[in-house]
Amino acid sequence: MLEVKDLKVSYGGVEALHGISLKVEEGELVTILGANGAGKTTALMAVSGLVRPKSGEILFNGERLDTLKSHEVVARGVTQAPEGRRVFGPMTVEENLRLGAFTRKGPVPPRLMQRVFGLFPRLEERRGQMAGTLSGGEQQMLAIGRALMAEPKLLLLDEPSLGLAPLLVKSIFETVKNINSSGVTVVLVEQNARAALKLAGRGYVLDVGRIVLEDLSVNLLNNPLVKDAYLGSAEARAKSGPA
Ligand SMILES: Nc1ncnc2c1ncn2[C@@H]1O[C@H](COP(=O)(O)OP(=O)(O)OP(=O)(O)O)[C@@H](O)[C@H]1O
Ligand SMILES: [Mg+2]
């Protein structure tokens, strides 16, 4: 469904992605792991048409995305819940959700909002509340909900667990799983590597602009490099003794 080929992205003169390639099949839930500054957000922004690649190709069902404007990418069925949520603070929950459906022609069908409220009942309770006054977790729900309003075939999630308490992370991840089970293909960018690998079928590891590993999640969970660098493993802590 999604194919990224030898993608290079530069900011000014500085190259952030040095030629990454990845593939996502329809129905998959794939994670991209990597430390701060690895280029995870840059990769998603390139797919969404928010940054222009220097070279390489991004194909969605065989069609070039990298030459399209971001609203055209949305219209093809690719939406993103961005890092840091980026909800519109001075607008209500419901208004934010409606904005997510902006590429549709005509009125927003009620079933779209009902679907989001079904996944996140908290948003329905707070539909008239200003988004800026929502808690961090509620804003994350809203960011995902807004991305679903365009009825994406492919949903890009950039660190949905960032800054959330463990219990809420669990709940958000369960919802992501449900979204995927309902037929939406998902690319999940995460620093919470263990949780992401438990959810995803496959994963890529990005290290300063390069893909250094790609494998089934079960294999990545047991990979010594991944364990050391990304799982902050109990084993590693045990080795270094009590803090
Ligand atoms: N708008 C920008 N202008 C200049 N450099 C940028 C810009 N956005 C990102 N970069 C640089 O590109 C590199 C990759 O950044 P990116 O945000 O993609 O990383 P990331 O993997 O998402 O990191 P994090 O986990 O901290 O969100 C970094 O070195 C960053 O400083
Ligand atoms: Mg990022």
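Count residues from 1 along the sequence. The figures that follow rest on heavy atoms only: side chains count, while hydrogens, waters and symmetry mates do not. Whatever order the structure lists them in is the order used to number ligands and atoms, beginning at 1.
No salt bridge links E214 with K23; every basic N to acidic carboxylate O contact stays at or beyond 4.0 Å. Between E72 and R76 there is no salt bridge, since none of the side-chain N atoms of the basic residue sits less than 4.0 Å from a carboxylate O of the acidic one. A salt bridge is absent between R115 and E151; no separation between the charged side-chain nitrogens and carboxylate oxygens falls under 4.0 Å. For K8 and E15, the salt-bridge test fails: no basic side-chain N is under 4.0 Å from an acidic carboxylate O.
Looking only at protein heavy atoms, the nearest one to atom 9 (C) of ligand 1 is Y11 CE1, 3.3 Å. For atom 25 (O) of ligand 1, the closest non-hydrogen atom on the protein side is K40 NZ, 2.7 Å. Scanning the protein for heavy atoms near atom 26 (O) of ligand 1, the closest one is N36 ND2, 2.8 Å.
Looking at heavy atoms from C-beta onward, S21 lies out of side-chain contact with V4 at the 4.5 angstrom threshold.
Taking all heavy atoms of G37, G12, S10 into account, the minimum distance to atom 14 (C) of ligand 1 is reached by G37.
Checking only distances, A16 never comes within under 3.5 Å of ligand 1, N or O to N or O. The distance criterion of under 3.5 Å between nitrogen or oxygen atoms is not met by G34 with respect to ligand 1.
A distance of 5.5 Å separates CG in L220 from CG in L197, rounded to the nearest 0.5 Å. Considering CG of L157 and OG1 of T79, their distance stands at 8.0 Å, rounded to 0.5 Å.
There is a side-chain donor-acceptor pair under 3.5 Å between T41 and D158. A donor-acceptor pair shorter than 3.5 Å cannot be found between the side chains of T185 and E26. Side-chain contact, Q129 with T133: a donor N or O sits under 3.5 Å from an acceptor N or O.
For atom 17 (O) of ligand 1, a protein heavy-atom neighbour is present inside the 4.0 Å cut-off. Within the 4.0 Å cut-off (strictly below), a protein heavy atom is located near atom 7 (C) of ligand 1.
Using 4.0 Å as the threshold, A43 has no heavy atom nearer than that to any atom of ligand 1.
Proximity to E83 (heavy-atom distance under 4.0 Å) selects the following atoms of ligand 1: 27 (O). Atoms of ligand 1 lying under 4.0 Å from any heavy atom of T41, numbered from 1 in the order shown and given with element: 17 (O), 18 (O), 20 (P), 22 (O), 27 (O). Near G39, with a cut-off below 4.0 Å to any heavy atom, the atoms of ligand 1 are 14 (C), 16 (P), 18 (O), 19 (O), 20 (P), 21 (O). Against a heavy-atom cut-off of under 4.0 Å, T42 is close to the following atoms of ligand 1: 14 (C), 15 (O), 16 (P), 18 (O).
At a heavy-atom distance under 4.0 Å, only side-chain atoms of E159, from C-beta outward, approach ligand 1.
Here N36 fails the criterion, with no N, O or S atom under 2.8 Å of the Mg ion (ligand 2). At least one N, O or S atom of E83, from either the backbone or the side chain, sits less than 2.8 Å from the Mg ion (ligand 2).
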